[in-house]
Participant: 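Sharing a structure below in structure tokens format, with a few things to ask.
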Amino acid sequence: MRAAFLKEAFLQALKATHPGALTAKALPPRKPDLILAVGKAGAAMLRAALDRYGEVPYHLTLPKGQEALGLKAVQAGHPLPDGESQRAAEEVLDLLKGLSPKARVLALLSGGGSALWCAPLGISLEEMRKLTQALLQSGASIAEINAVRKHLSRLKGGRALLATRARVQALLLSDVPGDDPSVIASGPFHPDPSTYREALAVLDRYGLDFPGARRVLEAGARGEIPETLKPGAPATRRLRWRLAGANLDLLKAARDFLRREGYRAVILSDRFGGEARGLARFHAELVATIRAHGLPFRKPLFLLSGGEAQVRVRGGGLGGRNLEFLLALYAHLQEPLYALAADSDGLDGPSGVAGALLTPEVWGLGLDPQPFLAENDSLGFFARAGTLLTLGPTGTNLNDFRLLFVN
């Protein structure tokens, strides 16, 4: 076994789940009057739609620095919204408001849309940025984070659908565990089951103050501000949607590649969440059980898992949830193994890398994981180990990818 083979399995899975190909399979037959595309896969999704329909008015929003594939795009901030995020959201709202009831909108939504379309409700953009940063570092799940963001937005939580009289067909590439359409990109066109009270509870749960945001959420909880779009509301009759791709597609593609290469491979789950360190402990204990007892699987084999873990940032280091997972896995394992963990979008948190690999050679270096864990400095650890995985933006986002070889 070689580390390069694990990387090849990941790259082959990304190739097999290219967002353009996934979108092409899911496009509706009728040509839309307007296409709105947002997120890390937005350019490839939009290109597939224009290849199918020909010339159609469109609006595309991408993270800064991402290749637009020759298309006109607003390049906005991610993971923290910026002025361009606000401009993009206002432009989208203006486009939607100007449409007639007979118009058809094709919305192409992928991960990253929550930051890229930002129209704050009752608070400033700066407070929205600071709150987003605090939420991302708190250990809150993406569903919890987006419950807050939806209730502080004039666009999210179905409010984009409420802003128009047009009919909307949404195609989604999911970057969230469970593939809930109301969570993907904070569900701009989808009904939202969460409430102002639940958003307030998220701030309480993670000890986040933010008086301005609390005032808005409390006013909403008292009924002084309308709720987000709710399931069963009349506007939802104008929405049709389809899941074009998800984390499970990525995992299946890797599994199929490994099997073609003659290896046994199993998918544990596409929706693991919780703290990255706890998830690492689970994987380490499963590896130990397989090695000791041949249960619940016989070795040798590959274990695949996806979903999205969280990191509660307490130290001053750099990393991401996949790097933190691998560092904690290294700390828990008694014997070496080969493993890879990476974000399918090519950027694991603020680390600047996709993820990293574990190899027996890492154990041979004798690095102590505890100081790095204490500082949340998983990037520093794997830089020392020399096994960082650098890809740059991949132009897609199908959540996290973990691959372990147990022998």
Side-chain angles (χ1 to χ4, degrees), residues 13-76 78 85 88-89 91-92 95-96 104-117 155-156 160-161 166-176 179-190 239-250 253 343-347 391-399:
L14 287 174
K15 181 179 179 181
T17 55
H18 188 278
L22 294 175
T23 301
K25 294 177 183 177
L27 287 168
R30 185 164 176 175
K31 183 176 181 178
D33 299 294
L34 173 67
I35 303 176
L36 303 174
V38 64
K40 297 173 185 177
M45 296 180 80
L46 177 57
R47 176 57 69 191
L50 295 176
D51 287 346
R52 173 74 58 84
Y53 301 123
E55 188 173 338
V56 180
Y58 68 82
H59 188 285
L60 170 63
T61 313
L62 297 174
K64 286 183 176 177
Q66 186 169 315
E67 174 58 47
L69 304 181
L71 299 164
K72 181 182 178 181
V74 177
Q75 301 270 346
H78 183 276
S85 307
E91 289 176 352
V92 166
L95 287 169
L96 289 169
R104 293 176 178 270
V105 177
L106 176 63
L108 305 174
L109 309 176
S110 58
S114 294
L116 298 173
W117 281 355
L155 184 147
K156 301 177 177 70
L161 185 64
R167 285 168 285 183
V168 177
Q169 171 78 49
L171 297 185
L172 298 89
L173 287 184
S174 174
D175 67 327
V176 302
D179 307 326
D180 184 342
S182 74
V183 179
I184 300 166
S186 293
F189 298 98
H190 281 79
L239 173 68
R240 297 290 182 271
W241 69 277
R242 181 174 176 182
L243 190 67
N247 186 239
L248 186 59
D249 296 307
L250 184 72
D343 195 319
S344 60
D345 68 9
L347 296 171
L391 300 179
T394 61
T396 191
N397 192 1
L398 295 175
N399 224 321

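Because the structure is a prediction, the values reported are computed rather than measured.
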Participant: Roughly how far, to the nearest 0.5 Å, is the CG atom of Leu243 from the CG atom of Leu248?
Facilitator: 10.0 Å

Participant: Quick check: does any side chain N or O of Gln75 sit under 3.5 Å from a backbone N or O of Gly65, one acting as donor and the other as acceptor?
Facilitator: yes

Participant: Testing the basics here: between Gly111 and Asp175, what is the closest heavy-atom pair and its distance to 0.1 Å?
Facilitator: CA-OD2, 3.2 Å

Participant: How would you list, by chain and number, every residue that makes a side-chain hydrogen bond (donor to acceptor under 3.5 Å, both in side chains) with Thr396, sequence neighbours excluded?
Facilitator: none

Participant: Is Leu109 close to Leu171 at the side-chain level, that is, under 4.5 Å between some pair of heavy atoms?
Facilitator: no

Participant: Minimum heavy-atom separation for Gly113 to Ala185, with atom names?
Facilitator: CA-CB, 3.8 Å

Participant: Of the non-hydrogen atoms in Ser174 and Asp179, which two are nearest, and what is the gap between them?
Facilitator: OG-OD1, 2.7 Å

Participant: CG/Leu172 to CG/Leu22 distance, rounded to the nearest 0.5 angstrom?
Facilitator: 12.5 Å

Participant: Does Leu46 reach the side chain of Leu69, with side-chain heavy atoms less than 4.5 Å apart?
Facilitator: no

Participant: Looking at CG of Leu106 and CZ of Arg30, how far apart are the two atoms once the value is rounded to the nearest 0.5 Å?
Facilitator: 13.0 Å

Participant: Do other residues, nucleotides or ligands put more than 12 heavy atoms under 6.0 Å from Lys15 NZ?
Facilitator: no

Participant: With the side chain counted from C-beta on, respond yes when Leu36 and Leu96 share a heavy-atom pair under 4.5 Å apart, and no when they do not.
Facilitator: yes

Participant: For residues His190 and Trp241, report the shortest heavy-atom separation together with the two atoms involved.
Facilitator: NE2-CG, 3.2 Å

Participant: Are the side chains of Ser110 and Asn397 in touch, meaning some heavy atoms are under 4.5 Å apart?
Facilitator: no

Participant: Any donor-acceptor pair under 3.5 Å linking the side chain of Thr61 with the backbone of Gly39?
Facilitator: no

Participant: Which residues pass the side-chain hydrogen bond (donor to acceptor under 3.5 Å, both in side chains) test with Asn399, sequence neighbours left out?
Facilitator: none

Participant: Mind checking whether Leu108 and Val38 have side chains closer than 4.5 Å, heavy atoms only?
Facilitator: no

Participant: Which pair of non-hydrogen atoms, one from Ala43 and one from Leu71, has the smallest distance, and what is that distance?
Facilitator: O-CD1, 3.8 Å

Participant: Using the rule given for side-chain contact (heavy atoms from CB on, under 4.5 Å), can you reason through Leu60 versus Leu62, listing the C-alpha separation, both sets of side-chain angles and the distance that settles it, and then say yes or no?
Facilitator: CA-CA 7 Å; Leu60 170 63; Leu62 297 174; 3.8 Å; yes

Participant: Counting C-beta onward and ignoring hydrogens, is there a side-chain heavy-atom pair between Val74 and Glu91 closer than 4.5 Å?
Facilitator: yes

Participant: Could you grab the distance from atom CG of Leu398 to atom CG of Leu173, nearest 0.5 Å is fine?
Facilitator: 6.0 Å

Participant: Would you check if there is a donor-acceptor pair between the side chains of Trp117 and Ser85 at a distance under 3.5 Å?
Facilitator: no

Participant: Taking all non-hydrogen atoms of both residues into account, name the closest pair between Ser344 and Leu250 and its distance.
Facilitator: CB-CD2, 3.9 Å

Participant: Can you tell me which residue pairs pass the side chain to side chain donor-acceptor pair (under 3.5 Å) test with a partner in residues 31-53, sequence neighbours excluded?
Facilitator: Lys40-Asp345

Participant: Using only atom types and a distance under 3.5 Å, with no angle test, would you say the side chain of Lys156 pairs donor to acceptor with the backbone of Ser114?
Facilitator: yes

Participant: Could you grab the distance from atom CZ of Arg240 to atom CD of Gln169, nearest 0.5 Å is fine?
Facilitator: 8.5 Å

Participant: If you measure from NE2 on His18 to OG1 on Thr23, what distance do you get to the nearest 0.5 Å?
Facilitator: 9.0 Å

